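What follows is one structure encoded as structure tokens, with my remarks underneath.
Values below: all heavy atoms of this structure, side chains included; hydrogens, waters and symmetry mates excluded. In this text, all values refer to a predicted model and were calculated from it rather than measured experimentally. Letters A, B, ... are given to chains in the order of the sequence lines, protein chains preceding strands, and every chain is numbered from 1.
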Amino acid sequence: MGETITFIIFAAVAIAGAATMLMARNPVYSAVGLLSTMFAIAILYILLDAHLVAVVQVIIYAGAVMTLFLFVIMLIGVDRPGAYGERPLSQRIMTGVVAVGFFAALALAGRQAWVTGSSAFGAPDLNGTIETVADELFGTWTIVFLATVILLTIAALGTIALAYFDQDAEEEGAS
Amino acid sequence: MTVTVTWYLLLGAALFSMGVAGVMIRRNALIMFMSIELMLNSVNLTFVAISKDLGLIEGQVAALFVMVIAAAEVTIGLAIIVAIFRKKASANVDELAELKG
Amino acid sequence: MPVLTILILLPLVGALVVALLPTRRPELFHPVAIVASIPPLVVAGYLLWNFATGTPAFQFGEDVTFSGALDIGWRVAIDGISLFLIVLTALLFPLAIAASRSVTERVKTYMVLMLILEAGVLGVFISIDLLLFFAFFEIVLVPMYLLIRLWGSDNRAYASLKFVLFTAFGSAFLLASIIALAVITGDQVGLFTSFDFRNMLGTELSTTTQTWLFLGFGIAFAIKVPIFPFHTWLADAHTEAPTAGSVILAGVLLKMGTYGLLRFNLTLFPQASVDLSFWVALLGVIGIVYGAAVAIVQPDIKRLIAYSSVSHMGFIVLGLFAFTSQALQGSVFQMISHGLTTGALFLLIGMIYDRTHTRRIDDYGGLAAVMPVYAGIFLFSAFASAGLPGLSGFIGEFTILVGSYLTLPVLTIIAGSGVILAAIYLLWAYERVFTGPVTNPKLEGLADLGFREIAIMVPLVVLIVVLGVYPKPVMDRIEPSTNAILDRIEATTGFDVPEYGRSEDLPNLRYGDIERVESNEESGDHGGEG
Amino acid sequence: MTDYLWLLVALPLAGAVVNLFIGRRLGEKVAGWFGFGIVAAAFLIAFFAGVGFLGGDKLAETVLFFSWIPSVGADVAFLWDPLSVLLTLIVTGVGALIHLYSIGYMHGDARFPRFFAFLNLFIASMLILVLASNYALMFVGWELVGLSSYLLISFWFEKPSAAAAGKKAFIVNRIGDWGFLVALMIIFATFGTFDFQTIFAETPVLFGVGAGTITAITLLLFVGAAGKSAQIPLYIWLPDAMEGPTPVSALIHAATMVTAGVFMIARSAVLFDYAPTTAAIVAVVGAATALLAAVIAVAQTDIKKVLAYSTISQLGYMVLAVGVGAYSAGLFHLTTHAFFKALLFLGAGSVIHALAGEQDMRRMGGLRKVMPVTFITMGIAWLSIAGIIPFSGFWSKDEILAATFAKGGWWIGLWAIGIVVALITAFYMTRLFVMTFLGDSRAPEGVHPHESPATMTTPLIILAVFSAGIGGLNTPWQLVFEHYLEPAFAGVMHPAEAEFSTLFWLGAVALLVAVTGIVIAWRRYGRAELPAEDGSFWTNALGAFGVDDFYGRWIVAPGRRVAEWWASVFDPKVIDGGVHGIARLVTGSGDELRILQSGQVRWYASGVAIASVVLLVLFLILGGAF
Amino acid sequence: MQNVAFLPIAFEVVLLLGALIVLLVAVVAGKGRHIWGPIAGVTLAIASAIGFVQWREVADGGAGLFFSTMDVQIMRSPMVVLDGYSAFAALVLGLVGFFGLLAAWDLVVKVGRRGPEFVALVLLSVAGLHMMAATPNLVVIFLGLETASISFYVLAGFIRDDEASEESSLKYFLLGSLASALFVYGVALSFGATGGLSLYGANSIRDFFSSAIVAEPGILMAGLALMLVGLAFKVSAAPFHQWAPDVYQGAPSGAVGLMAAGVKVAGFAALGRIFVGGFVSQIDAWAPILAIIAALSMIVGTVMALVQTDLKRMLAYSGVAHAGYIMAALVAGVDGIPAMWFYVSTYAFMVIGAFAVVSVVSGPASSRAPLDDYRGLIKRAPEVGWLMTIIILGMSGIPFFAGFVGKLFSFISAASAQGLWPNGSNGYLWLVVVGTLTTVVGLAFYLRIISTMFSSGDHDDEPIEAGLPARFAIVISATVTVFFGIVPWLLLDVVRDALPL
């Protein structure tokens, strides 16, 4: 029962945060909204016994990603009037329709699942503790884990290539 | 009533749809990007919920990988946005429409 | 010896040779190209000489299957129908190239394209693999497009694109139909697909399928011919193309359409052909009258001849869909004859155009006094084209009309009026260009045809007379093939073909059988020729 | 002798080729005499090969050379029978004379050799026509004579009128040829062959008299004949054809080619026998033509035009004859006409030659003193055509009228027309003769008429002899000619015979009529100054009653308009318009789509989102989730 | 055994090492000197060689699934698959990378000190592309997808002083991430429906379908739909194509060829792997939709290309159309795989060649290539002009050029597929007709390109010099176009074995 309540509360928080992100005129508010959503989701992970994921969620997203976002927002500067002016009504309606349609489609898609879905979480009771996850991660998924190296290298390289300015690069670029 | 996986899936779906809406409606590149992050989060939620439901740890691992990927995406994305901001002093994507037709 | 492969290779080799000529020796390009276009003619002569008369079987066959499951292959062979079209092609190209003296810029490219074009056209006539046929049918567009686009006259951009799009539009349906047919055939012979003409002949098709496929094939060929409502590309293309282009277009390319109708529509979809014959023939007849009538009022001599082609090709179409021995033979003969006469006319127009650079009939007058030889040859060709007895044009039209009357009397009687109209537009044009006093001062003192030009015309003139006086050898080689097609139609449909003039029944061969196949199994080594 | 028949065609053809290509180098003399010699040789060959028929002991034979179009069973073969022999002799004989004449007449012309080349070509073509053993080959000759007549009419192509006349002749002939062509189709569809003898043998087997098929065939054949033999409504080309050199008019448009139609009907006698309807139509058309042409001839002032119309009129007689079924009579008139009309033309030519190209009779007159030979020979021809006994014209014309009369019933009406025509003929021929030769010279100043050279007068004399005497071949007393032709018309029912007394007074009437005509004309034109010939009749007749304009306005012009509309509206606007419309549609839709490609990221994102929703729905439907 | 276990991942490993070496050398030897260029070339050459070795290995029966460890307890689901499919992908991608780099060399030289990053990015992106083809695991496919995409985002924006480049980079990034998110959400849903992340192996998606009947198709279908969206976006199939023209135009000409070719190859590889390899049992559901997307792509791509005035955009749109033609092959399921490979591999070379020409004529860093720049090309650079003509003819689907054969095979597959819609009897013939017709319309703009090159312009007297690497790339591209157009079965016999496990 308590679980249910928690779920409802944090689900609501997540939705609300998302809504804030969606609506807020000030990007900072949007960022904060998203942040709260992420926290809420982290809580839900815990409800799902995915402890490690929850932790990582907090660390990476709340800790790193959103900080980065906020930093960039600050860097770019918040207050540029007009830049975030309201969309014309028509577009908002269209957006709403599409989003709702998307949701509705998914909901319908899962229709049977939603109803016939197993009463509670099914068989073997899964516990996303560090070791269970680690087992999997460094067992079955080792190669993939290693493969992420490529991705991260790219991320690093890309950032350098895009953001790292030095004088002669400028010249060449200009040439 | 107990919380079934269904609830989580619906929540995920809802969040994802809101992300979609965000991409469609927001004009600020950063917030569009945030919406995408939101979508990825909902994906993770879905993964984890399902892994719980089916008792398959893979779901959670997948979620972790998605996070990693998202992180990498963020760095690049922000780098691009910053780079553009350097020129146009704005993150308003509507002003980036000289390539068209 | 893979004669046909060699036949296709020779022009390509020639093209290569021309392409490799040093750029700083431009004076070489033209003569070398002429020389390079002779060997195919020799091979064609060889074919003509060694062609076995009196059998409908395909000859000089080669069969190299490339990919087993798809059953695509280098399958080439000729029968009495393709034989003469090959000879015609091999003959017209040297003449057309020789007549291209006036091409001064990008000569090398021009010559290379001409030779590639020749290879493509020859390929169309020898392929008995549908895919191969389509490939050649389509590749011809490219050099022709460039010839018109680069060496054409004022309105060339429009004309060339129009030419390509019209033709390719047809080919779209052709390709789709070929694929469909190949899939169906494949199912029936237990392969994934089969593009082998001989397999396709054995395919069982429902009447509806036949009709659809007939239309799919038909529209491509109808545009190429061109049959009435699809003819507008022709006037522009012929008019804008350089002389050689017009000659090849009218002389050979149009025949690809009628050839396709005869070789594929009639044999692969006999039931549909019989069902639709009246309507196709009707379009043909409309073409005869319409083309001739429009030709009468053309102010541009090239356009006039172009429209006359529409009219003449209409005769062929009528003959094809009358399903009588005479009409079919007549159609095939008319293909050759029209190639010669119209080729001659376009060559002549080119010669005068090189001198005066105008195609407007009004700019001429009294030319006969200035250039008597030219006038004589022109009048000769004009009468040949108008179907004057004793010249080749008559044989074709006469046999077509006489034969078609047996099954399509009314249409044929109307078609007969084309004879009158032909006389009108040709003689009226001749009157305005050649007779009367010399009005245009530019015309005074024009040089009459030189030796080179006369030498170009002589072969055509001689052939026109010879074929007109003694067509029998040609007919004897055409007849077995056309009769075999008729037998097939008779056998597969209820249609009974009038027996008049059908020679005694031929060696009992299924249509499409190949005699003297020279097949070598190692795959691939023949692929290069494509 | 028949082994050498191929020479009949080969020789003139060779002559044509030689004269065409190396004539210029041969020079005028050689070219001319060569051309003449060739034809003369042909005449001799024909004579010796055909002489056997005179005795009646020789039988018709077919000489096969080679198979021409196997699929329609058309061979290149000659049918050597009295009929073809007769025509061959006329063609080569008269032809030879006219070649001879031309040597003088064309003297000094720039394209002298080419003229003889064309003449030879004509002889060859005409011989193919008359010698053919099947309709297909006959059609070849049929068209080739059309070609050579085209070439010869527009021989002086610098004259636009000449060029136009040649074209007109060919095209009008082509209209007739179309009928011939369709007839050939039906013939092949009916008999499966073109061979005369097979067809004539099978006709009685397959059909009864008046069978529809035969009627159709014969009617269409007659369309062809009407074209060649200048019958209503296709006669309009012949007068214009006078633009050609006079020898051409004499040979082609008087003696030989124009009679091809008559010959062809005679050849197809069997078929026409089985189609009485056609025969009647033929007869009526013939009579009508004879009358109309005669009337028009009355008012002509150009000497050659008069002769042209008189030719048409005489052809009318012949057609009437074959229509009546009196084939031998028709052919007899054909023969006599060949001589006297050729003579008339050559005489006229000689006159024109003398007057330096003057053709208007109103500027002639008084030539009898300066050119006696021409005067006398033409006199004979005049009497002959006018139908004065004993000149040939009388006999042949009389025979036709008699045959017509003998048929009785409404045919009497045709006979009456014939008589009227005889009257008019006598009138206008006298008019011509008187205006040209009698009275005093009305020649313009500076023109000094003179007698023509021997090369021209010799043929005149020879022809005069024939015109005078040949009538004797076929008098009611002994029908040499008819008996000679009999084998050619084996299996053709004989025309009704009138008994001798009838024949006698019929002849008397004809003679009387002729004399009347002559007298009237003589009294009218025999005086010093010419009577004024204005007044609606004269002008209309002079203008041939505006038939040409009628055709022009009601047939040619509308045709042109339709063609123009097709060429300038239907092709570019309708067909190409449609095509361009499609093209515009495609590119237009492209431009529309470009608007979607706004460059707006959000817009693209929306596109992706919307599309995904659609895809979701589609998948759910196809996946059976709904 | 060990090397067999190594071989499947050798491709990625080598490329990673190569990238690191390049960076190292760049640091040590200084960025000015371009010695790292050859290193990268060698790496890619080796990579393709590995692809070849893998091919032989497969031919010798070495195909199979591979796990992270040999430890049997935790051999749950395979992470790597080695089969003809992946091997061929390795071969093609290696070559694409190699020639793409050659074509991009002028650009590399131009960006000067940032060259090493560029090259390294290229190498790594190729690795990422191959991951999409060489794994049975959907998450790993997503990983590869992102790896490649992210590096392409960077490549697109590599010219920093060009706003167009920046813009295309951002557009590509935002839309690409959106598509990725959709894709991975699809993965999640299909995971939920089937309980498997891996296509093959123990408790994999295939097992699921072979054992159970799908109780709740809804989620599965939604998953398929979203995965299709993601991949259709990557291969720029309509209606997910809109990014392509903008991005291709904005991105530096030198890099576009590589991006376009690579992403098409890998995208279709993944598409084939997932839908044909994994979800083939659902073909009745996805084939018709694939057909619709194919038809849309053909039409939209062709019609839009028709009205373009900029060669880069034109080629981008033609790329959309080509995506349609390739997709047409897949509606036939596994029968279509060879056709897909044939088409996509030859097309990859054509597109590299075409953009190489663009970068030669309009400059490697240019973001615009107005068609007028190509007037008189045949005079200014005859060699390049003629080769371009060949390539364009190849793309336009003229017989005796590879493009035609590709179209033919994919049409044959479509026609022989047992379609359920619009009616079951005659395969996807309607799709074939659409294909042939759009091919004809396409001729209009392909020929426009050609006739522009042949017609004379203002600068005819100024010859254009093509760098050696670029010229080599162009030559190879043209050669491939002609060679496989004339002797297609040489390639066809290969791709016939390049089937997913």
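- Residues of residues 65-72 of chain B having a heavy atom under 4.5 Å from any heavy atom of chain E, listed by number: B:Phe65, B:Val66, B:Ile69, B:Ala72.
- Between B:Leu54 and E:Gly192, the closest heavy-atom pair is CD1-O, 4.1 Å.
- Considering all non-hydrogen atoms of both residues, B:Ala62 and E:Leu197 come closest at CB-CD1, 4.1 Å.
- Interatomic distance, B:Glu73 CD to E:Ser180 OG, rounded to the nearest 0.5 Å: 5.5 Å.
- Using a 4.5 Å heavy-atom cutoff, the side chains of E:Tyr185 and B:Leu40 are not in contact.
- Residues meeting the ring-ring contact (aromatic ring centres under 6.0 Å, His included) test with E:Phe183, sequence neighbours left out: none.
- Among all heavy-atom pairs drawn from B:Ile36 and E:Leu178, the shortest one is CD1-N, 3.9 Å.
- For chain E, the nearby parts of B:Phe33 are the backbone and the side chain; heavy atoms of each come within less than 4.5 Å.
- The stretch residues 239-252 of chain E participates, sequence neighbours left out, in these salt bridge (charged side-chain N to carboxylate O under 4.0 Å, His left out) pairs: E:Lys171-E:Asp246, E:Asp246-E:Arg313.
- The contact between E:Ser168 and chain B is made by backbone and side chain atoms together, counting heavy-atom distances below 4.5 Å.
- Residue pairs meeting the salt bridge (charged side-chain N to carboxylate O under 4.0 Å, His left out) criterion with at least one partner in residues 28-43 of chain B, sequence neighbours excluded, are absent.
- Taking E:Arg368, E:Gln242, E:Glu166 one by one and counting their heavy-atom pairs under 4.5 Å with chain B, the maximum is reached by E:Glu166.
- Ranked by non-hydrogen atom pairs under 4.5 Å with chain E, the options B:Asn44, B:Ile81, B:Ile80 are led by B:Ile80.
- To the nearest 0.5 angstrom, E:Ile150 atom CD1 is 7.0 Å from B:Thr75 atom OG1.
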TODO: Begin from the C-alpha positions of B:Phe47 and E:Val187 and carry the test side chain to side chain contact (heavy atoms under 4.5 Å, CB included) through to its verdict.
DONE: CA-CA 9 Å; B:Phe47 263 125; E:Val187 172; 3.9 Å; yes

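- Chain B forms more heavy-atom pairs under 4.5 Å with one residue of E:Val184, E:Leu175, E:Leu182 than with any other, namely E:Val184.
- Residue with the most contacts toward chain B among E:Leu138, E:Val139, E:Leu170: E:Leu170 (heavy-atom pairs, distance under 4.5 Å).
- The minimum heavy-atom distance linking B:Val43 with E:Ala188 is given by the pair CG1-CB, 4.3 Å.
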Open item on the list: Between B:Leu56 and E:Phe191, is the side chain to side chain contact (heavy atoms under 4.5 Å, CB included) condition met? List the steps.
Closed with: CA-CA 10 Å; B:Leu56 294 171; E:Phe191 174 55; 3.9 Å; yes

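- The line from CD1 of B:Ile84 to CD of E:Glu163 is 9.0 Å long, rounded to the nearest 0.5 Å.
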